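Working notes, beginning with the structure itself.
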Amino acid sequence: MASKVTVKAPSSTANLGPGFDVFGLAVDAFFDEVTLTKKKEKGITIISADNIPTNPEQNTAGLVVKNMIKKFKTKDGIEIKIKKGVPAGFGMGSSAASAAAAAVAFNKLYNLKLDDNSLVEFAGSGEKASAGSVHYDNVAAAVLGGFVIVRTNPLSVIKIEPPTNLRMCIAVPKLQVPKKKTKVSRGVIPKKVKLTDSVLNLSNAACIVTGFIKKDPGLIGSSIKDVIVEPARKHMIPGFSRVKENALKAGAEGVTISGAGPSVIAFSKSSADLKKISGAMSRGFSSAKTKCQTIICKPSKGAISKIK
Ligand code: HSE
């Protein structure tokens, strides 16, 4: 059995508009790398050059490892080394990437042969450290890659290979995000929704799934319409409406908030002018006196162990 395993996990975008807490897509914009090493001394030690919590209870990877040690009654101490590539707090699945990498690495380290649903469940348990509650959309995408649909009670995840000509332009605004941002942005969502809004979101969500099955980026993009969560959150993103309008005018098929925000994501075909779309998004943020980083990316594979 290995004594050290390194796993790389991708960033992800959750919701894709109407699929709140249900849809996730792994994107190759950023990656986290987590190395687990067995140690003689008991306990969990977290090492990172990045500005992240090193208390295992408050660190997504730490919490995953703690839960897995408890569940599988392993005796070693574990050192967790985390290299952050995914910016934290911007709706790019940063906490999920570390959590997914930790779950996949622990599985490999102890040769547990866990199935996909169990890996996603353990990875999701880490989300509590940052979101305050468990949601599986980002972790499922980061573990499995591609487009995922999450069913809960009981948890089961369905993966669909995205079309090869699907592209995303992501604008990450340079904003001061609140600590525990996901918890804050989950707090603004209405507790009750109108039936007509639910029908609209459901029909669009069904079309997104169909778009992935039919490998049709046009159908995916044109169905990225959310009348429930996006309207409740968009006030938290300066210039959101302009960013969206600009991207659509520049040829994007659909635009929405990436996960809990504040990044904005545009879905397009690879044949679109992706630089034009990114520039248009950037100008949208400028109109609200906000700078942003833009990234053009593709769907990604899931978490990969560096030891085969
Ligand atoms: N579905 C979650 C939310 C994703 O929108 O709150 C958080 O990254």
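As a basis for the values below, the full set of heavy atoms in this structure was taken, side chains included, without hydrogen atoms, waters or symmetry mates. Atoms within each ligand, like the ligands themselves, are counted from 1 in listed order. Worth saying up front: this structure is predicted, and the values here are computed from it rather than measured.
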Which protein N or O atoms sit under 3.5 Å from any N or O of ligand 1? Give each pair with its distance.
| residue | atom | partner | partner atom | Å |
| --- | --- | --- | --- | --- |
| ligand 1 | 1 (N) | N15 | OD1 | 2.9 |
| ligand 1 | 1 (N) | D21 | OD1 | 2.6 |
| ligand 1 | 1 (N) | D137 | OD2 | 2.6 |
| ligand 1 | 5 (O) | N15 | ND2 | 2.8 |
| ligand 1 | 5 (O) | R233 | NH1 | 2.9 |
| ligand 1 | 5 (O) | R233 | NH2 | 3.4 |
| ligand 1 | 6 (O) | R186 | NH1 | 2.7 |
| ligand 1 | 6 (O) | R233 | NH2 | 2.9 |
| ligand 1 | 8 (O) | N138 | OD1 | 2.9 |

Original post:
Does a salt bridge link D226 with K234, judged by any charged N lying under 4.0 Å from a carboxylate O?
Top reply: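 K234 and D226: not salt-bridged.
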Subject >> Distance (rounded to the nearest 0.5 Å) between H135 NE2 and N15 CG >> reply: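 The NE2 atom of H135 sits 9.0 Å away from the CG atom of N15.
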Original post:
Considering residues at least two apart in sequence or located in another chain, which fulfil the ring-ring contact (aromatic ring centres under 6.0 Å, His included) criterion with Y110?
Top reply: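 So Y110 forms a ring-ring contact (aromatic ring centres under 6.0 Å, His included) with F106.
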**OP:** Could you tell me how the ring of F212 sits relative to the ring of F147: parallel (under 30°), tilted (30 to 60°) or perpendicular (over 60°)?
**Re:**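 F212 and F147: parallel rings.
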Let me check something: any side-chain donor-acceptor pairs from residues 289-297 under 3.5 Å, sequence neighbours excluded? List them with distances.
| residue | atom | partner | partner atom | Å |
| --- | --- | --- | --- | --- |
| T290 | OG1 | A288 | O | 3.0 |

Under 3.5 Å, which donor-acceptor pairs link side chains of residues 37-44 to any protein atom two or more places apart or in another chain?
| residue | atom | partner | partner atom | Å |
| --- | --- | --- | --- | --- |
| K38 | NZ | A2 | O | 3.2 |
| K42 | NZ | K75 | O | 2.5 |

